Structures are given as structure tokens and as C-alpha cells.
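Worksheet: the structure to be examined is printed underneath.
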Amino acid sequence: MISETLWIFVTFVLAVSILPLYVLVLVTYFRSKRAVVEGICAHSKNVLGKLGWSARKYVGVLDLVVFWGPGWQQNSLDYRLQNTSLQRIAMHGLPQSLELMPSVQKAARRYRLLFWCGVLPTLILGYFLGAVNLGVRLGETTSTSPRIWILLLLAGICLASAQPFTKFKTWPEIEGTA
């Protein structure tokens, strides 16, 4: 009984002590996202079109909360396009053919680091635990093996996270911008 209470207390203390650090990581992550998007969007539409960059402005998560406001559909589309371009930066880095300010390059390095070391592992863990929980419940409800449901849910999550496939393309070389 004492060991269980101690274990719960230690787990709670660890969770509460890590929470401010994770909030700091998320704030830094969103700031670096903003700096990267605004830095790249400072180039001409012709250059951005050649790159395949379709995000026009930075749209934060809080801009999507007000879904009844003016332009909410355009904000939603801009947010999706922005995230596709940012995932492309996370995988391939910044386009080499663009001349960017050092602050944008530093923000892109910080964004990639926080994406791969902070945000992505948290998402993977959350989706995995959610798929296991839902798979077990579906297995109990339908009297089938939970393993089948877990595998189907994880396969669906993998396919959904791979969309759209344009994020896997490398950046094209553009003449005359570097």
C-alpha cells in the first residue's frame, strides 16, 4: 500500500515537473514556426511558386479556434498548406536556392530539432496509446481479437499521416535567387 502510494506520488511529481518544460518547448516550437513561415513568405510569389510553397501567411492554432469569424475557411486552408510546407522543411531542411536571413535559418534548425525530438515522439506515443485503447474496446465490443483492431487503427493512422504526398518531394533548384 505504501509503495503504491509512493509510486503514484512520484509519477505525479514527475508529470507536474515536466509540464512547464514541455510548455516552454511548445512555445519555442510555435515561435520558430512563425519565424520560418514569415521569413520564406517574404520572397516574391514567383519564387514561392517555383518552390511549390503554397502558404501565404502564418496561421496559428488560435486563428482556427474562431470558426465563426470572417475568413475561417481560408484560414483552415492556409493552415493545411502551411503545415504541409513545414513538414517538408522538417524532412528536407530549407531550400538551398533561397537566400534567407540567419535568423530564419536558426529558426528552421530549431523547428526541425523540436519537431523531431519533441512534437513527433509525443504524437506517436499519443496515437499509439489511443489506438491500443480504442482497439481493445473495439475488440471487446465486437468479440474479435484486439490485435486486429489495433493493427488496422495503426495502419490507418500511418496512411492518414502520410497525406498529402507532396511533403516528401525535395526542394527544386531555382536559378538566380541565391
Side-chain angles (χ1 to χ4, degrees), residues 1-34 36-37 51-55 58-68 72-94 108-172:
M1 180 68 177
I2 294 175
S3 63
E4 291 174 5
T5 307
L6 182 63
W7 175 251
I8 291 172
F9 177 74
V10 168
T11 306
F12 177 75
V13 168
L14 284 176
V16 169
S17 64
I18 291 174
L19 187 63
L21 179 64
Y22 197 70
V23 168
L24 180 66
V25 165
L26 283 177
V27 167
T28 307
Y29 173 74
F30 288 124
R31 283 183 183 164
S32 60
K33 271 176 63 171
R34 175 185 290 273
V36 169
V37 171
L51 280 176
W53 182 276
S54 40
Y58 178 76
V59 180
V61 177
L62 295 179
D63 296 330
L64 299 177
V65 173
V66 186
F67 58 86
W68 62 83
W72 66 272
Q73 291 174 328
Q74 187 63 42
N75 279 348
S76 177
L77 176 65
D78 287 344
Y79 187 74
R80 282 192 306 237
L81 294 173
Q82 168 187 299
N83 278 342
T84 300
S85 299
L86 284 170
Q87 288 169 0
R88 205 167 161 192
I89 287 175
M91 287 186 218
H92 303 292
L94 287 172
R109 284 192 302 270
R110 190 179 323 118
Y111 168 76
R112 289 184 77 188
L113 175 73
L114 293 174
F115 179 81
W116 289 110
C117 296
V119 174
L120 191 66
T122 305
L123 287 175
I124 289 172
L125 183 64
Y127 280 135
F128 179 74
L129 293 176
V132 168
N133 187 8
L134 188 59
V136 168
R137 290 175 189 257
L138 286 171
E140 290 172 354
T141 305
T142 60
S143 298
T144 57
S145 174
R147 291 181 187 167
I148 295 171
W149 288 106
I150 293 170
L151 290 175
L152 286 173
L153 288 169
L154 289 175
I157 289 169
C158 289
L159 287 175
S161 65
Q163 298 291 330
F165 294 114
T166 56
K167 65 179 139 188
F168 297 110
K169 293 189 327 186
T170 58
W171 297 107

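Source: prediction; values computed, not measured. Both backbone and side-chain heavy atoms feed into the values below; hydrogens, waters and symmetry mates do not.
- Rounded to the nearest 0.5 Å, atoms CZ (Phe168) and OG1 (Thr84) are 10.5 Å apart.
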Hey, mind stepping through Leu134 and Trp149 against side chain to side chain contact (heavy atoms under 4.5 Å, CB included) and telling me if it holds? CA-CA 8 Å; Leu134 188 59; Trp149 288 106; over 6 Å; no
Can you give the donor-acceptor pairs under 3.5 Å from side chains of residues 120-133 to other protein atoms, not counting sequence neighbours?
unit_1, atom_1, unit_2, atom_2, d
Thr122, OG1, Tyr22, OH, 3.1
Thr122, OG1, Gly118, O, 2.8
Asn133, OD1, Arg137, NE, 3.0

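- Panel note: side chain Gln82, backbone Val59; a donor-acceptor pair is recorded below 3.5 Å.
- Asn83 CG to Asp78 CG: the interatomic distance, rounded to the nearest 0.5 Å, is 11.0 Å.
- Atom-to-atom distance recorded for Leu94:CG and His92:NE2 is 12.5 Å, nearest 0.5 angstrom.
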Using atom types as modelled, flag every donor-acceptor pair under 3.5 Å from a side chain in residues 108-117 to any protein atom, sequence neighbours excluded.
unit_1, atom_1, unit_2, atom_2, d
Tyr111, OH, Leu86, O, 3.4
Arg112, NE, Ile89, O, 3.4
Arg112, NE, Ala90, O, 3.2
Arg112, NH2, Ala90, O, 3.4
Trp116, NE1, Ala90, O, 2.8

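- In this structure, Ser161 OG and Gln163 CD are separated by 9.0 Å, a value rounded to the nearest 0.5 Å.
- Separating the CD1 atom in Ile148 from the CG atom in Leu138 is a distance of 12.0 Å, to the nearest 0.5 Å.
- Rounded to the nearest 0.5 Å, atoms NZ (Lys33) and OH (Tyr58) are 5.0 Å apart.
- Closest of all the heavy-atom pairs between Pro172 and Arg88 is CD-NH2, 3.9 Å.
- For Tyr79, the ring pair (Phe, Tyr, Trp, His ring centres under 6.0 Å) test picks out no residue, with sequence neighbours left out.
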